[in-house]
Student: 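One structure is given below, represented as structure tokens, and several questions about it will come after.
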Amino acid sequence: ILYRKGLKIETALDSKAQRLALGIMREGLQRIENRLGQKKIQFQGAFVAIDPRTRSVRALVQSRYFSSQGPRYATKQSHIPGAIIDPILYGAAIASRRYTTASLVNVTPFKFSTGNNLWRFAHDIPSLKKQTLRLREAFALSIPPARLRILNTIGLPSYTHFANKMGLSLSPHPPTNLAFAHFVRNLPFALGQTPLQLLRITNAYATFTAQGIYDETTFVTRIRDNKGTILYERLPNPQRRISTGVAYIITQLLRDSFLQKHRKYSYNFKHPFSGKASDVRQKGNAWFVGCTPRICVGAWIGANAAIPIT
């Protein structure tokens, strides 16, 4: 039908942005491989750019060398997000009204026992000597014990409900009869070890940027037949999923933490910028998601070995 009937398919993709994204992805992956000097290790990557105002997908790179039968790292395969989930967890905490950005959070190592085993859950910041931090400080430093304590306070159902409103489709692990079940069940979520799709988490960040308004991402905008008759048209379906207050607070936390960590890279931005990088780069898995009022981008890089990505 597409070739014989003369259908005209209009997409949201920007051809210039698409070429630029693919070129930068390939160049960046090659640069990482050259720096590491390990020919046997192959890196893959994915990239997506979304307009938060319309949810139009302006650029989409599914893999380093895309083919119709190849992997789709941006839209189908899921990856370990690490600290990329922080805005979702902290957003749920703010929405629960149990926390504000000034709330004190215990960041000391978290210990609990499972039978004869003693587990220690700590951060990796040697210079951090404080036992408590303000929530905004814990967010900026991406401290795992703070995540776990926040999650234990608000409850896993509250967190997954908030995440699902943002389009992430998370489900709590089945409960067990063990006395420490709530810790074990919460750990993968607090550590950011629950796999997520790049497209979904980038769209969740876009929802914060859009002041709490959620909509599905758009690839195909319109289909016409050979006579110009519209057979399909993607109509916007914006829905308020979170309050403007929560969206504003998380956007500000993202902006402040990004400026704190990457100040030397951010002075040339013409629009307010907010973003977050993952903390799982030592395991061959790196993320970055960033937004301006006009565009939200998500990037993922992965290796076939658990090696540091720098």
Side-chain angles (χ1 to χ4, degrees), residues 78-101 103-115 117-123 132-139 141-198 200-205 207-208 212 214 239-243 245-247 249-250 253-254 276 278-280 283 285 287 289:
S78 299
H79 319 284
I80 302 300
I84 288 294
I85 57 94
D86 278 5
I88 310 301
L89 175 57
Y90 282 75
I94 297 295
S96 72
R97 299 187 178 182
R98 296 188 178 186
Y99 288 93
T100 70
T101 57
S103 297
L104 289 173
V105 182
N106 188 338
V107 297
T108 56
F110 196 97
K111 300 178 182 178
F112 61 96
S113 60
T114 59
N117 297 318
L118 178 65
W119 297 83
R120 189 173 184 271
F121 190 49
H123 59 75
T132 60
L133 291 176
R134 301 292 181 184
L135 182 134
R136 59 176 175 269
E137 296 173 319
F139 180 91
L141 295 173
S142 303
I143 298 178
R147 291 186 211 149
L148 183 57
R149 287 188 169 94
I150 290 171
L151 186 54
N152 287 343
T153 298
I154 67 174
L156 190 56
S158 177
Y159 168 62
T160 55
H161 176 68
F162 186 90
N164 291 339
K165 289 197 296 183
M166 305 293 282
L168 297 185
S169 300
L170 292 183
S171 298
H173 289 176
T176 69
N177 293 325
L178 300 176
F180 54 89
H182 65 290
F183 294 124
V184 174
R185 190 168 63 248
N186 290 356
L187 272 173
F189 297 92
L191 283 170
Q193 297 297 304
T194 304
L196 295 174
Q197 291 178 8
L198 178 63
R200 287 182 179 271
I201 192 64
T202 306
N203 194 33
Y205 274 61
T207 299
F208 288 122
Y214 174 86
Q239 305 168 40
R240 173 158 300 285
R241 294 291 180 86
I242 61 174
S243 70
V246 172
I249 290 171
I250 297 302
L253 288 175
L254 284 167
K276 190 78 172 176
S278 66
D279 57 352
V280 291
K283 301 178 181 178
N285 189 57
W287 293 66
V289 182

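Because the structure is predicted, anything quoted here is derived from the model rather than measured. Heavy-atom basis, side chains included; hydrogens, waters and symmetry copies ignored.
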Student: Would a 4.5 Å heavy-atom cut-off, applied to side chains only, mark Ile88 and Ile201 as touching?
Tutor: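 With C-beta onward as the side chain, the pair touches.
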Student: I'd like to know if the side chain of Ser142 reaches the main chain of Ala138, judged simply by a donor and an acceptor atom lying under 3.5 Å from each other, with no hydrogens or angles considered.
Tutor: no
Student: If you apply the rule side chain to side chain contact (heavy atoms under 4.5 Å, CB included), what do you find for Leu254 with Val289, and how did you get there?
Tutor: CA-CA 10 Å; Leu254 284 167; Val289 182; over 6 Å; no
Student: To the nearest 0.5 Å, what is the distance between OG1 (Thr202) and CD (Gln197)?
Tutor: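 Going from OG1 on Thr202 over to CD on Gln197, the span is 10.5 Å.
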Student: Mind checking what makes side chain to side chain donor-acceptor pair (under 3.5 Å) contact with Thr100, not counting sequence neighbours?
Tutor: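 Side chain to side chain donor-acceptor pair (under 3.5 Å) check on Thr100 returns Ser103.
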Student: What pair of heavy atoms forms the shortest contact from Thr108 to Pro145, and how long is it?
Tutor: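 Of all heavy-atom pairs spanning Thr108 and Pro145, the closest is O-CB, 3.5 Å.
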Student: Residues in side-chain contact (heavy atoms from CB on, under 4.5 Å) with Ser243, at least two apart?
Tutor: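 For Ser243 the side-chain contact (heavy atoms from CB on, under 4.5 Å) partners, ignoring immediate neighbours, are Val246.
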Student: Where is the tightest heavy-atom contact between Arg200 and Ser169, given as atom of each residue plus distance?
Tutor: NH1-OG, 3.6 Å
Student: If only side-chain N and O atoms count, and only distance matters, is there a donor-acceptor pair under 3.5 Å linking Tyr99 with Thr153?
Tutor: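 A donor-acceptor contact under 3.5 Å links the two side chains.
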Student: Taking all atoms of both residues into account, what is the closest heavy-atom pair of Ala92 and Ser158, and its distance?
Tutor: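 Heavy atoms of Ala92 and Ser158 come nearest at CB-O, 4.4 Å.
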Student: Going through the distances and angles, do Leu133 and Leu104 end up as a side chain to side chain contact (heavy atoms under 4.5 Å, CB included)?
Tutor: CA-CA 5 Å; Leu133 291 176; Leu104 289 173; over 6 Å; no
Student: Keeping Arg149 on the side-chain end and Leu151 on the backbone end, is there a donor-acceptor pair under 3.5 Å?
Tutor: no
Student: Before you tell me yes or no, could you show the steps for His79 and Trp287 under side chain to side chain contact (heavy atoms under 4.5 Å, CB included), namely the whole-Å CA-CA distance, both residues' side-chain angles and the distance that decides it to 0.1 Å?
Tutor: CA-CA 9 Å; His79 319 284; Trp287 293 66; 3.5 Å; yes
Student: Quick one: does Ile143's side chain get under 4.5 Å of Val105's, heavy atoms only?
Tutor: no
Student: Distance from Met166 atom CE to Ile250 atom CD1, nearest 0.5 Å?
Tutor: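 Met166 CE to Ile250 CD1: 8.5 Å, rounded to 0.5 Å.
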Student: Please list, chain by chain and in numerical order, all residues satisfying side chain to side chain donor-acceptor pair (under 3.5 Å) with Thr101, sequence neighbours excluded.
Tutor: none
Student: For residues 83-97, pull every pair meeting salt bridge (charged side-chain N to carboxylate O under 4.0 Å, His left out), keeping only residues two or more places apart or in separate chains.
Tutor: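 Counting only pairs at least two positions apart or across chains, the salt bridge (charged side-chain N to carboxylate O under 4.0 Å, His left out) contacts touching residues 83-97 are Asp86-Arg147, Asp86-Lys276.
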Student: Answer whether the closest heavy-atom distance between the side chains of Ser78 and Leu196 falls below 4.5 Å.
Tutor: no
Student: Taking only residues two or more places apart in sequence or in another chain, which ones pass side chain to side chain donor-acceptor pair (under 3.5 Å) with Thr132?
Tutor: none
Student: Just jot down the side chain to side chain donor-acceptor pair (under 3.5 Å) partners of Arg241, sequence neighbours excluded, or say none.
Tutor: Gln239
Student: Given Tyr90, which of Phe139, Phe162, Tyr159, Phe208 fulfils the ring-ring contact (aromatic ring centres under 6.0 Å, His included) condition?
Tutor: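 Of the listed residues Phe139, Phe162, Tyr159, Phe208, the ring-ring contact (aromatic ring centres under 6.0 Å, His included) partner of Tyr90 is Phe139.
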Student: Could you walk me through whether Ser96 and Ile154 pass the side chain to side chain contact (heavy atoms under 4.5 Å, CB included) check?
Tutor: CA-CA 7 Å; Ser96 72; Ile154 67 174; 3.6 Å; yes
Student: Nearest heavy-atom pair of Thr160 and Leu170: which atoms, and what distance?
Tutor: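 Thr160 and Leu170 have their closest heavy atoms at CB-O, 4.1 Å.
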Student: To the closest 0.5 Å, what do you measure between CD1 (Ile242) and CD1 (Ile94)?
Tutor: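 It is 11.0 Å, given to the nearest 0.5 Å.
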